[in-house]
Number of protein chains: 2
Amino acid sequence: MNKDEIRKLHLFAALDAQQFDHVSETSVASKLVPHQNLFFQGESASHFYLLVSGQIKLYLLSPEGEEKIIDIIQPGQFFAEAVMFMEGQRYPVNATALVESEVLAFDNHVYRSIIENSPRVSLAVLSDFSRRMHFMLNEIDRLALHSASYRFVYYLLENVSEEESQIDLVISKQTIASQLSIKPETLSRILKRLRSEGLVEADGRQIKILDREALRAVLLR
Amino acid sequence: MNKDEIRKLHLFAALDAQQFDHVSETSVASKLVPHQNLFFQGESASHFYLLVSGQIKLYLLSPEGEEKIIDIIQPGQFFAEAVMFMEGQRYPVNATALVESEVLAFDNHVYRSIIENSPRVSLAVLSDFSRRMHFMLNEIDRLALHSASYRFVYYLLENVSEEESQIDLVISKQTIASQLSIKPETLSRILKRLRSEGLVEADGRQIKILDREALRAVLLR
DNA sequence: CGTTGCCCTTGATTTATGTCAAGTCTTCAC
DNA sequence: GTGAAGACTTGACATAAATCAAGGGCAACG
């Protein structure tokens, strides 16, 4: 991921050359080894991040130490950028690398001061934020109104392309389970049932959708 | 709620006199009777709203017709304002009056065009949005990581003031149950248990917190 | 009044999902 | 290749919450 590619990402696309240079000059690159923490919930937030390579999990912990994964960041995605507009400016989640990763850290003040003079940029951010909120709303919907199998089937359909019916899970089943707020045992059983019903084939991280229509129908029942 | 009060609300506080006049001149007031719908999920969105009096529920429906209340809007609150920055511009939820209500509808284009020239205003909106996202994140946390009784106790503690230990529920228990994603029967049983444990007293919509510390402790177990 | 409708409660039962425990399979280091 | 650690699966069991069903209380209304 080079400078030109970064420049095209939504948070930067509306910047002019000078603004972009300023932002990228003040950015800091760093490498993370697997399981290395980037920040913790409650910490004071001075930067937002772009993932260049690897995978980062954003998660919450319950008092009993149970982990709920809020999001798995993939290369090219920004994260923790909403924090810079919040009072208090504290990270609302924990962030840890799942695998070896490279991130770019951008200074909140630098970006904010650009926004203060550039309505085009703020519209881009506003549109990003409203998309995000829509996303979270859907997540709340699924958690509140739908069963564990619904959520898993939904996940499968979200991650399968139009043409190919083969899915290559990029994260472990445990991690998916946590994202969907299911226990790994339950996920395993749901997958077993889908297999026995002839809806999918599964081999490790390779999952093949055999009957897409029938899967969609599961969402309605 | 008069013009001066409206002017002080966060989405308008950063507007100058001329901008505010433009916004308020193009607004439309309307009255809703109980159970009257304001908009439906998926409808094209041209306005956002301020609730002047009454109560509005924002909710989603599952395929089986089950209702999940996302939010109960109280007087002085805006709603559906994030939609104006989204592509597609469709309402992501349904909105229905719970009781007789008055709303003010503001034109998305008018407000958006002001933002395009007024960085101060967009910062105010950005800060509002990030606060909202934080809220939603907490809701996801509670749904994913915590039990029904946790959610109800949390709700009680959120709605009790520092000084008074008396809570006057402004909405029905059914409605609260739907907001917390609990069935009414379950809510009734949770309340019964809290009563029998001597933590609260309850009479209809009047709930009195008897032991605040013990209630807080329930959140940790 | 009485009755109608709604909100709330209570009891009995079911069900989805979690928990605990054990075992297999895979990967990867040495 | 061997061993260790982690990922995944499976079975037996426990449990929170949903569901189904019935009844009580209360306000509104003729």
Side-chain angles (χ1 to χ4, degrees), chain A residues 33-35 55 57 62 64-69 72 96 98-100 142-153 155 168-196 200-207 218-219 221, chain B residues 33-35 55 57 62 64-69 72 98-100 142-155 168-196 200-207 218-219 221:
Chain A
V33 300
H35 303 113
Q55 282 175 343
K57 71 170 171 187
S62 73
E64 301 87 48
E66 202 188 339
E67 179 178 302
K68 154 74 182 175
I69 294 178
I72 303 290
T96 299
L98 283 177
V99 298
E100 184 163 305
R142 285 192 295 277
L143 285 172
L145 249 25
H146 299 290
S147 66
S149 1
Y150 179 105
R151 298 202 294 276
F152 181 58
V153 170
Y155 180 89
D168 182 17
L169 303 178
V170 293
I171 50 182
S172 71
K173 294 203 181 105
Q174 292 184 101
T175 307
I176 295 173
S178 169
Q179 250 192 292
L180 301 176
S181 296
I182 307 175
K183 298 290 146 180
E185 294 95 324
T186 303
L187 183 79
S188 176
R189 286 177 183 120
I190 291 171
L191 188 54
K192 187 182 181 182
R193 187 157 48 77
L194 294 178
R195 258 191 280 118
S196 78
V200 304
E201 259 170 19
D203 177 31
R205 289 193 179 185
Q206 298 298 318
I207 295 186
V218 171
L219 297 186
R221 82 186 176 200
Chain B
V33 299
H35 303 114
Q55 282 176 344
K57 71 170 171 187
S62 73
E64 302 88 48
E66 202 188 340
E67 178 178 304
K68 155 72 180 175
I69 294 177
I72 302 289
L98 284 177
V99 298
E100 183 162 307
R142 283 192 296 276
L143 285 172
L145 248 25
H146 299 289
S147 66
S149 2
Y150 180 103
R151 297 202 295 276
F152 180 58
V153 170
Y154 185 90
Y155 179 88
D168 181 17
L169 303 178
V170 293
I171 51 183
S172 71
K173 294 204 181 105
Q174 292 185 100
T175 307
I176 294 173
S178 170
Q179 249 193 294
L180 300 176
S181 297
I182 307 174
K183 298 291 147 182
E185 294 97 324
T186 303
L187 190 127
S188 175
R189 286 177 182 120
I190 291 171
L191 189 53
K192 186 182 182 182
R193 187 158 48 78
L194 294 178
R195 257 191 281 118
S196 80
V200 304
E201 258 169 21
D203 177 30
R205 288 191 179 187
Q206 299 298 318
I207 295 187
V218 171
L219 298 184
R221 82 185 175 200

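Letters A, B, ... are given to chains in the order of the sequence lines, protein chains preceding strands, and every chain is numbered from 1.
Residue pairs that meet the salt bridge (charged side-chain N to carboxylate O under 4.0 Å, His left out) test with at least one member in residues 179-188 of chain B, sequence neighbours left out, are B:Glu66-B:Lys183.
Scored by the salt bridge (Lys or Arg N to Asp or Glu O under 4.0 Å) test, B:Lys68 finds B:Glu139 as partners (sequence neighbours excluded). For A:Lys57, the salt bridge (Lys or Arg N to Asp or Glu O under 4.0 Å) criterion is met by A:Glu67, not counting sequence neighbours. Under the side-chain hydrogen bond (donor to acceptor under 3.5 Å, both in side chains) criterion, B:Tyr154 pairs with B:Arg142, sequence neighbours left out. Under the side-chain contact (heavy atoms from CB on, under 4.5 Å) criterion, A:Ser188 pairs with no residue, sequence neighbours left out. Not a single side-chain hydrogen bond (donor to acceptor under 3.5 Å, both in side chains) links B:Asp203 to another residue, sequence neighbours left out. A search for side-chain hydrogen bond (donor to acceptor under 3.5 Å, both in side chains) contacts involving A:Glu100 returns nothing, not counting sequence neighbours. With sequence neighbours excluded, the residues that form a side-chain hydrogen bond (donor to acceptor under 3.5 Å, both in side chains) with B:Ser149 are B:Arg193.
Look at OH on A:Tyr150: it is 23 Å from P on C:dT15, rounded to the nearest Å. Residue B:Asp203 contributes atom CG, which lies 20 Å from atom P of D:dG24 at whole-angstrom precision. Here D:dT19 presents its C1' atom at 16 Å from CD1 of B:Ile182, a figure rounded to the nearest Å. When the P atom of D:dG6 is taken as reference, atom CG of A:Leu98 falls 15 Å away, rounded to whole Å. Per the geometry, NZ belonging to A:Lys183 stands 16 Å off C1' belonging to C:dA21, to the nearest Å. For B:Leu145 and D:dA16, the CG to C1' distance is 16 Å, given to the nearest whole Å. Rounded to a whole Å, the CZ atom of A:Arg151 is 10 Å from the C1' atom of C:dT17.
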> What string of B, S and - do you get for nucleotides 24-30 of chain C, 5' to 3', when a contact is any protein heavy atom under 4.0 Å?
Replying inline: -------
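A donor-acceptor pair is defined here as one N or O able to donate and one able to accept, closer than 3.5 Å; no such pair exists between the side chain of A:Arg195 and the backbone of A:Ala202. A donor-acceptor pair is defined here as one N or O able to donate and one able to accept, closer than 3.5 Å; no such pair exists between the side chain of A:Arg205 and the backbone of A:Asp168.
Nearest heavy atom pair, residue A:Ile190 against residue A:Phe152, reads CG2-CD2, 3.7 Å.
In the helix from C:dC1-D:dG30 to C:dC30-D:dG1, the rotation axis of the first five pairs and that of the last five pairs differ in direction by 30°, rounded to 10 degrees.
Residues B:Leu191 and B:Lys173 meet the side-chain proximity criterion, which asks for heavy atoms closer than 4.5 Å. Residues B:Pro34 and B:Leu98 have side chains not in contact (no heavy-atom distance under 4.5 Å, counting atoms from C-beta outward).
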Can you tabulate the close N/O pairs, meaning under 3.5 Å, that link protein atoms to atoms of nucleotides 25-28 of chain D?
none

Would you tabulate the nitrogen or oxygen pairs shorter than 3.5 Å linking the protein to nucleotides 5-13 of chain C?
residue : atom : partner  : partner atom : Å
C:dC7   : OP2  : B:Gln174 : NE2          : 3.2
C:dC7   : O5'  : B:Gln174 : NE2          : 2.9
C:dC8   : OP1  : B:Lys173 : N            : 3.1
C:dC8   : OP2  : B:Lys173 : N            : 3.4
C:dC8   : OP2  : B:Gln174 : N            : 3.1
C:dT9   : OP2  : B:Ser188 : OG           : 3.1
C:dT9   : O5'  : B:Ser188 : OG           : 3.1
C:dG11  : OP2  : B:Lys192 : NZ           : 3.4
C:dG11  : N7   : B:Arg189 : NH2          : 2.5
C:dG11  : O6   : B:Arg189 : NH2          : 2.9
C:dA12  : N6   : B:Arg189 : NH2          : 3.3

